[in-house]
Undergrad: 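Take a look at this one; I'll ask things after.
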Amino acid sequence: MAVIFFLCLHINCATAADNHPTPGKAPDRIVTVGTDHDYPPFEYVDEQGTPQGFNIDLLKAIAETMGLTLKITTGPWKEIRSALENDRIDMVSGMYYSPERDMKVDFSVPFILVHQSMFTRDDTDVHKFSDLKNREIIVQTGDIMHDYILSNQITPKIIAVNNTLDGIRLLASGKHDAALLPNLQGQYFSRKYDITNIKAVEPVIPGQKYCFAVAEGNQELVDMLDQGLSILKASGKYQEIREHWFGVLEDTNYLLSYRIILIILLCLVLVLLLSWFWTWTLRQLVRKRTRQLADELSERKQAEKEKQALEDRLRQVHKMEAIGTLAAGIAHDFNNILSAIVGYTQLARLETDSESRAYKDMTAALESADRAKKLIRQILTYSRRTEQEQQAEHLSFLIKGGMRLLKTSLPANVKMVTDLQANNDLILANATQIHQVLINLVTNSVHAIGVNQGRIEIRLRNIELTPKTISIPALMPGPYVELTVTDTGHGIDKSIQERIFDPFFTTKQRGQGTGMGLSVVHGIVKSHGGHIQVESRLNQGTSFRIIFPVYTGAKVEIDPPAPIMGGSERILFIDDEKDVVDVWERILTSLGYQVTASESPRNAMDLFKQAPEKFDVIITDLDMPEINGLSLIRAFKDIRPDIRIIVHSGIKTREYEQGAADLGITSFLQKPVSIEKMTQALQKESA
């Protein structure tokens, strides 16, 4: 579990590294560092007078990564802390975080959690923290536990020592009642000096944050330390240093409590993994950026620009969410209107000679209505109001659907050309995401063409990759379909072509783009098992080449038109739109059905309660003002579990479909519905 936790931590650290300034070559900066001369294994001075310890090795690794030169001074902790608070040094190599200390100095992100434990002798009567009231307690002068005892007034009998070793020895010698000291240090000295008559009873403050402390106001140094720490964690260097100093000490029974905390943290981190696509894209970025970090340091101004890009992206997400909500509402109302138009037209066509001009005109009107229905579904797809699962799709069909949306928004100076020659273009795809790929690429092409006359070509063809011709390790030999989007725009400079798929990288002016379009395209293509390449020359245009593996599973079957079949069943038809109720009451009555129609779900429920055996089938909308459709269906089922129900709704979402399925509903018709589809559903329910 710990391995998974550090993997998740690796992902988040990678994200943090991306949000900070990227490194570049600059003269080394000299940083004066204060360190405790006797606080092993975190920091101490060895017999040769050289600073050693976990803090020292970690800080040196960060300095090497970030281009810093360290000037280390050592001394008693109280003096070192005073020097920092009085701006005589830039930072200290390790300090426990507390709100009181945060008022005097600035802290980096924590680089380790240190447990403070209560140490007692084997022959003592002190067994838990509550036993310390008015006892003689050993603490290190100026340490976090010294502050804790004073602020909580646990006891006036405080025995202050200069370091942890003095405290352990003093307690082991039989003096005083207990010591509140860092667990790792206590274990370290007990092992090193073979002190066997003391033990750690319980953690006093579990998981205390241990950070780099910087003189107040030096935010630039804090940012560099945070970024350097993120890089070390992403590369594995941090774990290597930690294992070197704490690998043996952490293998104790006390580690069980730490692991429990890690498991809890892991559960929280796993929630973040729901945004797997986002973190997956950033992991790809980190793999590239890790090799470039030493050469790409920039100034704080760049960090502010990236922060602004994130805020712009957040605003865009909120805007798209609002558009999606608006689109869903419009689609619901539009489908109700369209349902009435389609219904009345179908009704009129039933009463018209099939050879007449009017019959043909009404057939053409129904075809136009069907195109309007598909257009609404495409709008819902683009606004992410439909499911995001992958299924077998013809890529040419998805491209044509996307083009119908795009052509209405193309400027007059841009000509669109399509050449869809693929014979086998069946792929396992998510229609929403494929539309997004096409829209993002075409939008970029339009921007590249600008105000000049230009053209965008979209081509589709089949290719075969063999062991000899394949050049992409992630792909397997086999049949593929190739989608190419080519424009005659200004092109992309060769020096930045490798970076165009990086999140937030953009050559557009501020306010014209967030730099996320091609990053999203890259992620979608990868999630579909495909690959994307770019070929471009300045002032000669750009070509994006995308290949998807051909789907070899079950083929897509197109159902033949269903015949119109009448019946004699007794139907309760419910919809809050009067026109929808009127037209279907007339259609179904003309086909022989006995129809009771209602615009009010409450009235319909009253009718059903009075005579539940009077009806054979219920046809109901879901999105109605008085009673939610699913609640209405549930009430019908409570009264009569065997009643057959058909859902007739303007919006078909995963929530609605799953809710209907849970109630045993198998017929879910999305408005507008043809007479053939409706009668087919009625025949199915009657079977």
Undergrad: Of Y97, F42, F107, which is the lone residue that meets side-chain contact (heavy atoms from CB on, under 4.5 Å) with Y210?
TA: F42

Undergrad: Decide yes or no on side-chain contact (heavy atoms from CB on, under 4.5 Å) for I137 and D177, but give the supporting numbers first.
TA: CA-CA 6 Å; I137 305 174; D177 297 303; over 6 Å; no

Undergrad: Could you check whether atom CD of Q219 has more than 12 heavy atoms from other residues, nucleotides or ligands sitting under 6.0 Å from it?
TA: yes

Undergrad: Under 3.5 Å, is there a donor-acceptor pair between the side chain of H176 and the main chain of G167?
TA: no

Undergrad: Could you check if a side-chain atom of E216 sits within less than 4.5 angstrom of a side-chain atom of M103, using non-hydrogen atoms only?
TA: no

Undergrad: Could you walk me through whether I159 and V139 pass the side-chain contact (heavy atoms from CB on, under 4.5 Å) test, one step at a time?
TA: CA-CA 6 Å; I159 312 302; V139 294; over 6 Å; no

Undergrad: Do V33 and K71 come close enough that some side-chain heavy atom pair is under 4.5 Å?
TA: no

Undergrad: Look at D125 together with R135 and state whether they make a salt bridge at an N to O cut-off of under 4.0 Å.
TA: yes

Undergrad: Report the C-alpha distance between D90 and T32 in whole Å, list the side-chain angles of each, state the deciding distance to 0.1 Å, and finish with yes or no for side chain to side chain donor-acceptor pair (under 3.5 Å).
TA: CA-CA 5 Å; D90 294 322; T32 57; 3.1 Å; yes

Undergrad: Do Y238 and L58 come close enough that some side-chain heavy atom pair is under 4.5 Å?
TA: yes

Undergrad: Quick one: are Q116 and L180 in side-chain contact, heavy atoms under 4.5 Å?
TA: no

Undergrad: Going by heavy atoms in the side chains, are D123 and N197 under 4.5 Å from each other?
TA: no

Undergrad: How long is the gap from CG on L59 to CD on E43, to the nearest 0.5 Å?
TA: 9.5 Å

Undergrad: Does NZ or CZ of R169 come closer than 6.0 Å to the centre of the six-membered ring of Y193, within 45° of the ring's axis?
TA: yes

Undergrad: So that I can tick it off, tell me whether R81 and D147 are bridged by a salt bridge, with the cut-off set at under 4.0 angstrom between side-chain N and carboxylate O.
TA: yes

Undergrad: Do F212 and I62 have side chains that get closer than 4.5 Å, going by heavy atoms?
TA: yes

Undergrad: Keeping H447 on the side-chain end and T443 on the backbone end, is there a donor-acceptor pair under 3.5 Å?
TA: no

Undergrad: Spell out, as yes or no, whether a donor-acceptor pair under 3.5 Å connects the side chain of S117 to the backbone of F119.
TA: no

Undergrad: Is K175 atom NZ crowded by more than 12 heavy atoms from other residues, nucleotides or ligands, each under 6.0 Å away?
TA: no

Undergrad: So does L165 get a backbone contact from the side chain of N163, meaning a donor-acceptor N/O pair under 3.5 Å?
TA: yes

Undergrad: Show, in sequence, the C-alpha distance, side-chain angles and deciding distance for N430 and H528, and conclude whether the side-chain contact (heavy atoms from CB on, under 4.5 Å) test is met.
TA: CA-CA 8 Å; N430 175 271; H528 283 70; 4.0 Å; yes

Undergrad: State the CZ-CD1 distance between F246 and I112, to the nearest 0.5 angstrom.
TA: 4.5 Å

Undergrad: M91 versus V31: any side-chain heavy-atom pair under 4.5 Å?
TA: yes

Undergrad: Within the structure provided, determine whether E220 and N218 are in side-chain contact (heavy-atom separation under 4.5 Å).
TA: yes

Undergrad: Using only atom types and a distance under 3.5 Å, with no angle test, would you say the side chain of S151 pairs donor to acceptor with the backbone of Y148?
TA: yes

Undergrad: Walk me through it: do N86 and S82 pass the test side-chain contact (heavy atoms from CB on, under 4.5 Å)?
TA: CA-CA 6 Å; N86 291 283; S82 175; 3.3 Å; yes

